[in-house]
A.B. asks: 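Here's a structure for you.
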Amino acid sequence: MDAFDGVIHVAAQALDPLDLYDVRGSLSEDERLVKDSVARLVDEQVLPIIGKAFEEHRFPRELVPELAALGLLGSSLAGYGCAGLNAVASGLICQELERGDSALRSFVSVQSSLCMYPIHAFGSDAQRERYLARMARGECIGCFGLTEPHGGSDPANMKTHARRRGADWILNGAKMWITNAPIADLCIAWAATDEGIRGFLVERGTPGFTTAEIHHKFSLRASATGALYFDDVVIPDEQRLPGVEGLKGPLSCLSQARFGIAWGAIGAAQACLSELLEYTKTRVLFGRPLAATQLIQVRLAEMARGITTAQLLALELARLKDRGAVTPSQISLAKWHNVRMALDVARDCRDMLGGAGISAEYAPIRHMLNLESVVTYEGTESVHQLSVGRELTGLSAF
Ligand SMILES: Cc1cc2nc3c(=O)[nH]c(=O)nc-3n(C[C@H](O)[C@H](O)[C@H](O)COP(=O)(O)OP(=O)(O)OC[C@H]3O[C@@H](n4cnc5c(N)ncnc54)[C@H](O)[C@@H]3O)c2cc1C
């Protein structure tokens, strides 16, 4: 009888529809604090402007000082004014930012995981001193140049190359689809050399180095995306990352960023579901709220299933990362699963809004369009499936 009472008591508690398994309850106080402060930033400063920025195809650069002031740039790094947060807290930052828009999470991912991380992990002391604190303050914006016009899924075959000339390197080539390229002060350029792939720190203004913006995107319109061109750029050896050789350099940065994407995608899906729950409660069709319709409830339940499994996957991934036990194929599985989930949720929410779903007044279409980039960048869905396949079989099928 007691047990029965207990069941009724537990069942009577209202669950948070965006957190059915109470992930929040398993967070530490510090992790909750991080989540809540980023959520506040997103509610107060991002959501009021992001729709317009998306329409205008404009990166809201005015938010960079706010992101920096909250310690969101390089948040998982130690020293140099960085917060040294654990993986769960860094994941929660991505989740909350992407609840606002994938463009903001992309900006923070590139700055933190693709630029500050390699300088921190593979840079010289002088490089760390020169860049990291400024990057944490948002005074120096970075970009990460790996993808090339001829194909991003096969970076081992990059054409961009650097040749030694005395104490310098001469860099030639082009990079395509680079987040932050039009606004970056610093680029981490990955290039083939006679000694294997190496990373170079190239500052804006270096002769022969130019950038161009990619216009007319239908996705990530609030993010600045562009191309990088290197035409006989002279780079002193001190600007080479000394601590890493080969594809391991860029791939280890991508592992950091993909981890953040696995968390971020949850935020985009939550934003869509949240809006849809409100909409379906008030939209009356066939004499009842849409939310009281069986098919609609099944679709909402499907979304909750996707979001919940993604949350638990991301949380466990972060715990593995904090224990130093995470592997690239585990990250691949989470990036693939969570972005696919978010894209499906966004598309289905768009549909359930009916005609209103194509209006910028509602968030799902913006998230849906953004997620078309997220499912492609940092390794396409197929590339991550092949990574998991290789883990299972021991055979590379790329
Ligand atoms: C908005 C945006 C921002 C980006 N930001 C950055 C950035 O900051 N830095 C950076 O370096 N890159 C960036 N990228 C590039 C991104 O990482 C690449 O677009 C991605 O890796 C895919 O490369 P690709 O576009 O050349 O497609 P391709 O590699 O040409 O792939 C085309 C198709 O072929 C499939 N495919 C490829 N190989 C195989 C295979 N072996 N088996 C089966 N299918 C395969 C792919 O899954 C895909 O569907 C960004 C891209 C976008 C859209």
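No hydrogens, no waters, no symmetry mates; every other heavy atom, side chains included, goes into these values. Whatever order the structure lists them in is the order used to number ligands and atoms, beginning at 1.
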A.B. asks: Specify the closest pair of heavy atoms between I188 and I119, including all atoms of both residues, with the distance to one decimal.
C.D. replies: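 That closest heavy-atom pairing would be CD1-CG1, 4.1 Å.
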
A.B. asks: Is any heavy atom of the protein nearer than 4.0 Å to atom 3 (C) of ligand 1?
C.D. replies: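 True for atom 3 (C) of ligand 1.
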
A.B. asks: State whether a side-chain donor-acceptor pair under 3.5 Å links Y377 with T179.
C.D. replies: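 No pair is found: no donor N or O on one side chain lies under 3.5 Å from an acceptor on the other.
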
A.B. asks: Taking atom 24 (P) of ligand 1 as the reference point, report whether a protein heavy atom occurs under 4.0 Å from it.
C.D. replies: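 Given the 4.0 Å limit, the answer for atom 24 (P) of ligand 1 is yes, a protein heavy atom qualifies.
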
A.B. asks: For a quick check under 3.5 Å, do E139 and Y131 share a side-chain donor-acceptor pair by atom type?
C.D. replies: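 On atom types as modelled, these side chains do not qualify, holding no pair under 3.5 Å.
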
A.B. asks: Would you confirm whether the ring centroid of Y279 sits within less than 6.0 angstrom of the ring centroid of Y362?
C.D. replies: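 Y362 vs Y279: aromatic centres under 6.0 Å.
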
A.B. asks: Could you tell me the residue and atom name of the protein heavy atom closest to atom 20 (C) of ligand 1, and the distance to it rounded to 0.1 Å?
C.D. replies: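 So the nearest neighbour among protein heavy atoms is T376 O, 3.5 Å.
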
A.B. asks: Is the contact between I178 and ligand 1 made by the side chain, the backbone, both, or neither, using heavy atoms and a 4.0 Å cut-off?
C.D. replies: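 It is both backbone and side chain that touch ligand 1.
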
A.B. asks: Can you find an N/O atom of L146 closer than 3.5 Å to an N/O atom of ligand 1?
C.D. replies: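 Yes, since at least one N or O of L146 sits under 3.5 Å from an N or O of ligand 1.
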
A.B. asks: With side chains defined as the heavy atoms from C-beta onward, is the minimum distance between L104 and L63 less than 4.5 Å?
C.D. replies: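 They are in contact (side-chain heavy atoms under 4.5 Å apart), so the answer is yes.
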
A.B. asks: Considering non-hydrogen atoms of the protein only, which is the closest contact for atom 47 (O) of ligand 1, and what is the distance?
C.D. replies: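 Answer for atom 47 (O) of ligand 1: T380 OG1, 2.6 Å.
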
A.B. asks: Verify the distance criterion only: is there a donor paired with an acceptor across the side chains of S329 and R390 at less than 3.5 Å?
C.D. replies: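 No pair is found: no donor N or O on one side chain lies under 3.5 Å from an acceptor on the other.
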
A.B. asks: Specify whether the nearest protein heavy atom to atom 16 (C) of ligand 1 is under 4.0 angstrom away.
C.D. replies: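 Under 4.0 Å from atom 16 (C) of ligand 1, at least one protein heavy atom found.
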
A.B. asks: Do F144 and ligand 1 have an N or O pair less than 3.5 Å apart?
C.D. replies: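 So ligand 1 has an N or O lying under 3.5 Å from an N or O of F144.
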
A.B. asks: Purely on distance, is any nitrogen or oxygen of G152 under 3.5 Å from one on ligand 1?
C.D. replies: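 Yes, there is a polar N/O contact under 3.5 Å.
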
A.B. asks: Starting from atom 12 (N) of ligand 1, locate the nearest protein heavy atom and write down its residue, its atom name and how far away it is, to 0.1 Å.
C.D. replies: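 Heavy-atom neighbour on the protein nearest atom 12 (N) of ligand 1: T147 OG1, 2.7 Å.
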
A.B. asks: Atom 45 (C) of ligand 1: which protein heavy atom is closest, and how many Å away?
C.D. replies: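 Protein heavy atom with the smallest distance to atom 45 (C) of ligand 1: S382 CB, 4.6 Å.
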
A.B. asks: For K217 and T225, which I'm curious about, is there any donor-acceptor pair between the side chains at under 3.5 Å?
C.D. replies: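 Short answer, yes.
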
A.B. asks: Would you mind listing which atoms of ligand 1 come within a distance below 4.0 Å of any non-hydrogen atom of L220?
C.D. replies: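 Per the distance check, 1 (C).
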
A.B. asks: Given side chains that start at C-beta, do those of V326 and F259 come closer than 4.5 Å, heavy atoms only?
C.D. replies: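 No; the side chains remain at least 4.5 Å from each other.
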
A.B. asks: Within the structure provided, determine whether R347 and E372 are in side-chain contact (heavy-atom separation under 4.5 Å).
C.D. replies: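 Side chain of R347 against side chain of E372, heavy atoms only: contact under 4.5 Å found.
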
A.B. asks: For atom 13 (C) of ligand 1, which protein heavy atom lies nearest, and how many Å away is it?
C.D. replies: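 Minimum-distance protein heavy atom for atom 13 (C) of ligand 1 reads W177 O, 2.7 Å.
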
A.B. asks: Starting from atom 39 (C) of ligand 1, what is the nearest protein heavy atom, named by residue and atom, and what distance separates them?
C.D. replies: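 Of every protein heavy atom, L386 CD1, 4.8 Å lies nearest to atom 39 (C) of ligand 1.
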
A.B. asks: State whether a side-chain donor-acceptor pair under 3.5 Å links S102 with E98.
C.D. replies: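 Distance-only check passes for S102 and E98.
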
A.B. asks: Could you tell me if T211 and R204 have a donor-acceptor pair between their side chains, going purely by distance under 3.5 Å?
C.D. replies: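 Short answer, yes.
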
A.B. asks: When you measure from atom 42 (N) of ligand 1 to the protein, is at least one non-hydrogen atom found at a distance under 4.0 Å?
C.D. replies: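 It does: a protein heavy atom is found less than 4.0 Å away from atom 42 (N) of ligand 1.
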
A.B. asks: Tell me yes or no: between the side chains of K321 and Q256, is some donor less than 3.5 Å from an acceptor?
C.D. replies: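 Result is yes, a qualifying pair exists.
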
A.B. asks: Is it the case that ligand 1 has an N or O less than 3.5 angstrom from some N or O of T179?
C.D. replies: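 Min N/O separation from ligand 1 is below 3.5 Å for T179.
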
A.B. asks: Among protein heavy atoms, which lies nearest atom 30 (O) of ligand 1, and at what distance?
C.D. replies: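 Ranked first by proximity to atom 30 (O) of ligand 1 is G151 CA, 4.1 Å.
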
A.B. asks: Given the protein's heavy atoms, is any one of them under 4.0 Å from atom 35 (C) of ligand 1?
C.D. replies: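 No, there is no protein heavy atom closer to it than 4.0 Å.
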
A.B. asks: Give the contacting part of E378 toward ligand 1: side chain, backbone, both or neither, where contact means a heavy-atom distance below 4.0 Å.
C.D. replies: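 It is the backbone that touches ligand 1; the side chain stays farther off.
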
A.B. asks: Polar contacts were defined as any N/O atom of the residue lying under 3.5 Å from an N/O atom of the ligand; does this apply to Y377 and ligand 1?
C.D. replies: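 By distance alone, the answer is no.
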
A.B. asks: Among protein heavy atoms, which lies nearest atom 38 (N) of ligand 1, and at what distance?
C.D. replies: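 For this ligand atom, the closest protein heavy atom is S153 CB, 3.9 Å.
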
